[in-house]
Amino acid sequence: MTVRLPAIAGFVATLLFAGTALAVKPSEMLADPKLEARARLLSEELRCMVCQNQSIDESDAELAGDLRVLLRERLLAGDSDEQVMAYIVSRYGEFVLLKPQFNLRNALLWGTPVLLLLGGGAFVFLSARSRRRQEPAGLTKDEQAALDAILNKDA
């Protein structure tokens, strides 16, 4: 079985340069280009609750479509970007944000990796320090005499 390098390189290049397919339907788009641009920017920050690793702008899920429509309705009502995001977060929770906000409720979640690294580093440091302090015990007089006898016997 022969592998054609140019074909593989072409396939990889296609994958790398292919844009993400947007799931926004023409019926969802706003007539005002400025509002539509704002809607697109905001929808890139919101997580599809079904797909979970896609924004609602990229997801074909029905719930993502509902969120896109809701977002555009709030923009048409005259809400600012912050008001739109606050409204959606109040309805769906912070999980809907692809980049969660830092606050006291989730500080432990954000800080746990740092605490684990610091704790692990302190453990390694203290373990190495205590090992350096422990010097090997010397031989007793009887052990040294037995060792000398063995070494002299072979010579």
Side-chain angles (χ1 to χ4, degrees), residues 1-24 37-75 79-155:
M1 181 166 83
T2 61
V3 177
R4 296 183 182 204
L5 191 57
I8 293 173
F11 178 71
V12 170
T14 302
L15 289 177
L16 289 175
F17 295 113
T20 58
L22 299 178
V24 178
R38 281 178 57 201
R40 287 289 176 96
L41 287 175
L42 291 174
S43 65
E44 288 174 359
E45 297 177 23
L46 296 172
R47 175 191 323 270
C48 172
M49 305 294 264
V50 176
C51 308
Q52 294 189 3
N53 283 333
Q54 284 184 324
S55 70
I56 62 170
D57 205 32
E58 300 168 335
S59 175
D60 286 330
E62 190 175 329
L63 181 58
D66 293 344
L67 278 169
R68 288 191 299 267
V69 169
L70 176 64
L71 183 140
R72 284 166 172 77
E73 287 174 356
R74 300 307 308 169
L75 287 174
D79 288 357
S80 69
D81 293 353
E82 293 79 20
Q83 289 172 325
V84 171
M85 295 301 273
Y87 179 78
I88 292 175
V89 168
S90 71
R91 284 188 80 181
Y92 294 95
E94 277 193 40
F95 184 73
V96 77
L97 298 175
L98 278 172
K99 296 177 184 171
Q101 301 165 347
F102 181 78
N103 58 33
L104 288 177
R105 281 193 354 228
N106 60 16
L108 184 61
L109 178 66
W110 284 90
T112 298
V114 174
L115 293 174
L116 288 174
L117 283 173
L118 290 175
F123 175 77
V124 168
F125 176 75
L126 293 174
S127 296
R129 203 169 110 187
S130 70
R131 285 186 184 161
R132 270 189 268 147
R133 287 185 181 173
Q134 294 176 355
E135 294 183 20
L139 298 176
T140 63
K141 289 181 182 181
D142 293 336
E143 292 170 338
Q144 185 65 45
L147 179 60
D148 289 340
I150 292 172
L151 291 175
N152 289 334
K153 191 187 281 186
D154 290 339

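All residue numbers in this chain count up from 1 along the given sequence. Just so it is clear, the model here is predicted, and its values are computed rather than measured. When reading the values below, keep in mind they use all heavy atoms of this one structure, side chains included, and skip hydrogens, waters and symmetry mates.
Residues meeting the side-chain contact (heavy atoms from CB on, under 4.5 Å) test with Arg72, sequence neighbours left out: Val24, Leu30, Glu36, Ala39, Arg40, Arg68. Thr112 is linked by a side-chain contact (heavy atoms from CB on, under 4.5 Å) to Leu108, Leu116, counting only residues two or more places apart in sequence or in another chain. With sequence neighbours excluded, the residues that form a side-chain contact (heavy atoms from CB on, under 4.5 Å) with Leu147 are Leu139, Gln144, Leu151. Contacts of Arg47 classified as side-chain hydrogen bond (donor to acceptor under 3.5 Å, both in side chains), with partners at least two apart in sequence or in another chain: none. With sequence neighbours left out, the salt bridge (Lys or Arg N to Asp or Glu O under 4.0 Å) criterion links Asp66 to no other residue.
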query: Between Leu75 and Asp81, does a side chain to side chain contact (heavy atoms under 4.5 Å, CB included) hold up when you go through it step by step?
result: CA-CA 8 Å; Leu75 287 174; Asp81 293 353; 4.1 Å; yes

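Residue pairs meeting the salt bridge (Lys or Arg N to Asp or Glu O under 4.0 Å) criterion with at least one member in residues 138-151: none, sequence neighbours excluded. Legend: salt bridge (Lys or Arg N to Asp or Glu O under 4.0 Å) pairs involving residues 91-100, not counting sequence neighbours, sorted by first then second residue: Glu94-Arg105.
With contacts defined as side-chain heavy-atom distances shorter than 4.5 Å, the pair Tyr92/Leu70 qualifies. In this structure the side chain of Met85 reaches within 4.5 angstrom of the side chain of Glu45, judged on heavy atoms. Under the 4.5 Å side-chain criterion, counting only non-hydrogen atoms from C-beta, Val96 is not in contact with Ile56. Looking at Leu98 and Leu46, their side chains never come closer than 4.5 Å, going by heavy atoms from C-beta outward.
Counting only distance, with no hydrogens or angles, the side chain of Ser90 and the backbone of Tyr87 share a donor-acceptor pair below 3.5 Å.
Between Ala61 and Val50, the shortest heavy-atom distance links the atoms CB-CB, 3.9 Å. Closest heavy-atom contact between Cys51 and Cys48: N-SG, 3.3 Å.
Note: Arg38 CZ to Asp79 CG = 8.5 Å, rounded to the nearest 0.5 Å. Remark: Ser55 OG to Leu67 CG distance equals 11.0 Å, nearest 0.5 Å.
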